[in-house]
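Take a look at the structure below.
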Amino acid sequence: MSSQIESNPLLDRLPPHLKQFIKPQNYDEYTAIDQAVWRYVMRKNIASLSKVAHKSYLKGLEKTGISINEIPSMYGMNRILKEIGWAAVAVDGFIPPNAFMEFQAYNILVIASDIRQLENIEYTPAPDIIHEAAGHAPIIANPDYAEYLRRFGKIGCKAISSKRDYDMYDAVRTLSILKESPDTDPEAIKDAENRVNELQNQKSEPSEMALIRNLHWWTVEYGLIGTVEDPKIYGAGLLSSIGESEWCMTDNVEKLSYTPDAAFRDFDITKPQPQLFVTPDFAYLCQVLEEFADTMALRKGGHRGLAKLIESQNLGTIELSTGLQISGVFTRMIKNEDNEVIYFETEGPTALSFREKELIGQGIDIHPNGFRSPLGKLKGINLAIENMSPRDLKAYNFYDGEYIEFEFESGITIAGINITGMRNIKGELILIQFNECTIKYKNEYLFKPEWGTFDLAVGKEIVSAFSGPADDYSFDMITHNPDMNTIKRTYSSKEQELHSLYQAVKNIRNGENSRFSLESVFDIIKKDHSEDWLLSIEIYELVYDREPKFANEILNHLDHIKTKKTEIRHLIDSGINIINQKTLIA
C-alpha cells in the first residue's frame with residue numbers, strides 16, 4: 001500500500017499546526033505477527049464485548065469498516081468514515097493534548113498507527129492502532145456520541161495548561177515509547193517512571209487542561225453507560241483492553257454516577273482503574289461538559305483567566321469586551337483593589353485579531369517584541385472608551401492627528417498624538433494608535449515615546465482567556481520536535497523466520513499458496529520458537545475440527561508453554577475457548 005498521506009476534504013481544511021502531526025501509515029511495515037495480534041485482540045473483544053459493550057460498538061465496527069482479520073488502513077477507514085462526517089489520520093504515539101482535542105473539533109479521529117508488541121497484547125501504555133481504531137472509531141458511528149466528541153474537542157483545545165502539564169506530557173510520551181520499544185534498558189524505563197511519579201506527586205492546583213483531561217479519561221477513554229447496577233462499556237481504553245474490559249465489570253471496580261466532580265478524580269495510565277463513572281446516556285455527557293466549560297477562563301475571562309495564561313508560559317489569547325483578541329505569551333498584569341485587570345503585557349511575537357481573524361497591520365511582524373495596554377474606564381466620566389458617544393469622544397479630544405491626555409479610573413495616564421483608530425462591526429473603537437506616547441502608573445513608566453508607536457487595546461474588561469492563538473495563521477506553530485520518537489523495531493534473522501511462518505499460516509487461511517504446510521510450520525515452531533504461543537493457536541483454528549490428532553498435538557504443546565509461562569495461561573486458554581465455542585463473527 002502507498003506510504004503517502006491520503007487526503008480528503010476534512011483533512012484539507014486542517015490548519016498547518018495540526019497537519020504537522022500527521023504521518024503516513026506505512027501499512028507495509030506491519031508484520032504478519034502484527035496482523036495476528038490485531039486478529040487475536042479483535043476476536044477476543046468480539047467474543048466478550050458482545051455481552052458488555054454498548055450496542056453502538058458492534059454496529060459501529062461494521063459501519064466504520066473495521067475488519068476483525070486485518071489491521072485497517074487509513075484509506076479504507078476514511079472512505080467509510082466520510083459517510084458519517086468524520087476522517088482519520090495516523091500520528092506518532094502521543095501528541096500534545098490541545099492538538100489531540102483540536103483534531104476532534106475538526107471531526108478527525110487521531111490514530112497512533114503503531115501496534116502493540118505480542119508481549120503487551122493485553123494492554124500497552126502507548127497509544128496504538130488497536131486502541132484508536134478498534135476502540136474509538138466504532139463508537140463515533142453513534143451520532144450523539146460523535147457530537148459529544150466534537151464539542152469536547154472544540155472546548156478542550158482551548159483549555160489552559162500549566163508548565164507542569166507540558167512536562168508531564170513529555171514524561172508520559174517518553175515512558176510509553178520506552179515501554180513499548182524492544183530491548184529497552186530496564187534502567188531507562190525506571191528513570192522514566194520515576195520522572196512521571198515525581199511530576200504526579202507535585203502538589204499544585206490542577207490546571208484547566210488537567211481537569212478536562214480527567215473528564216476525557218473518565219468518558220472517552222474509560223466511560224461506562226447505563227446504570228450503576230447494569231453498565232455497558234463505551235470508553236475506548238476499555239474496548240481495546242482484553243484484560244480490563246472483563247476486570248472492569250467485576251465488583252473489584254467501583255461504579256460511580258458521572259458528574260462534573262469527575263474532573264477532580266485523577267488517573268494513572270500504568271494501572272487498572274479502581275473506579276469508573278457511568279453516564280445515563282450520551283446526551284448527558286454534553287450536559288456535564290457544558291457545566292464544566294462554564295467554569296473555564298474561556299467563558300469567564302477576568303484576572304483568573306489571565307493569571308492562568310501567565311502561569312502557562314505558553315501562547316494564549318485574551319478577548320476584551322470589544323471583541324478585540326490579543327494572542328501572545330502573557331507575562332504580566334496589574335489589578336486594582338477589586339481584582340479587575342487594569343494593565344497587561346506580552347513578550348515576543350504578538351498578534352491582534354477580531355473574531356478569530358488577524359487585523360490588517362496587527363500581526364507578529366508589527367509586534368515582534370510584545371504588546372502592552374491598560375484597560376478599564378476613564379476617570380471623571382466613569383465610561384469605557386468603547387461606550388463613548390461621538391459627543392464624548394469629541395469632548396475628550398479623540399481626533400486623528402490631535403494631541404491628547406487622559407486618565408483611567410485605575411490611575412494610569414496616557415499622553416500622546418492620536419494617529420488613528422480601528423472599529424469593530426458595531427462601530428465601537430477597538431484600537432487607537434498613538435505617536436510620541438507616554439504611559440505612567442504611579443511612578444512607573446509603562447511606555448515611553450522612544451519605544452515607537454503605541455497601540456491602545458480598547459476594552460473595559462477581559463471576557464475570555466484561552467490557550468493558543470485567535471487566528472491559527474498568525475503564528476508559525478510548526479514546532480513539533482519531540483525529544484523522542486517511537487522507536488522502529490529491527491528484527492534478527494530468527495525473528496524474520498518467525499514472521500515468515502506467521503505469513504505462511506495467514507496465506508493458508510486465506511487460500512493462498514504457501515511453501516510451508518501447517519505441519520512443517522508447527523515443527524519449526526516447536527524446535528526453534530518454542531515460547532511463541534499465538535501462531536500455534538492460529539494453526540489450531542485451522543485443524544481443530546478436521547484433524548483431531550494434529551489438533552491434540554498442538555494443545556499438548558500449548559499446555560507445555562502454559563506450565564513454563566503461567567502469566568500467559570489465560571491468553572492461551574481464551575484463544576482456544578473462542579475457537580472451540582465458535583463465537584467468531586465473520
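The structure presented is a predicted model; accordingly, all values stated were derived computationally and were not measured.
- Residues passing the ring pair (Phe, Tyr, Trp, His ring centres under 6.0 Å) test with F100 are H216, sequence neighbours excluded.
- The CD atom of E208 lies 7.0 Å from the OG1 atom of T295; values are rounded to the nearest 0.5 Å.
- Note: E147 CD to L285 CG = 12.0 Å, rounded to the nearest 0.5 Å.
- Test I95, N98, L109 against F103 for side chain to side chain contact (heavy atoms under 4.5 Å, CB included) and you get one pass: I95.
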Salt bridge (charged side-chain N to carboxylate O under 4.0 Å, His left out) evaluation trace for D261 with R265: CA-CA 7 Å; D261 291 339; R265 188 69 68 101; over 6 Å; no

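- For the residue pair E358 / S474, a side-chain donor-acceptor distance below 3.5 Å is found, with atom types taken as modelled.
- Note that the CE atom of M422 and the CD1 atom of I432 stand 11.5 Å from one another [nearest 0.5 Å].
- With Q433 contributing its side chain and T453 its backbone, the two residues share no donor-acceptor pair below 3.5 Å.
- Annotation: side chain of I111 is in contact with side chain of M77 (closest heavy-atom distance under 4.5 Å).
- S56 is linked by a side chain to side chain donor-acceptor pair (under 3.5 Å) to H54, N142, counting only residues two or more places apart in sequence or in another chain.
- At distances below 3.5 Å, not a single donor-acceptor pair connects side-chain atoms of N424 with backbone N or O atoms of I430.
- By the ring pair (Phe, Tyr, Trp, His ring centres under 6.0 Å) test, Y30 pairs with Y27, sequence neighbours left out.
- The structure places CD1 of I439 at 12.5 Å from NZ of K448, a figure rounded to the nearest 0.5 Å.
- Contact check on E193 versus K190 returns no salt bridge, with no Lys/Arg side-chain nitrogen under 4.0 Å from an Asp/Glu carboxylate oxygen.
- F282 has its ring centre no less than 6.0 Å from the ring centre of Y148.
- Between the N107 side chain and the G85 main chain, a donor and an acceptor come within less than 3.5 Å of each other.
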Side chain to side chain donor-acceptor pair (under 3.5 Å) assessment of D165 paired with S207: CA-CA 8 Å; D165 292 329; S207 68; 2.3 Å; yes

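- Note that NZ of K154 is 9.5 Å distant from CD of E102, once rounded to the nearest 0.5 Å.
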Chi angles and distances behind the side chain to side chain donor-acceptor pair (under 3.5 Å) call for Y222, E244: CA-CA 10 Å; Y222 276 75; E244 204 161 359; 3.2 Å; yes

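- Note: D471 CG to T317 OG1 = 9.5 Å, rounded to the nearest 0.5 Å.
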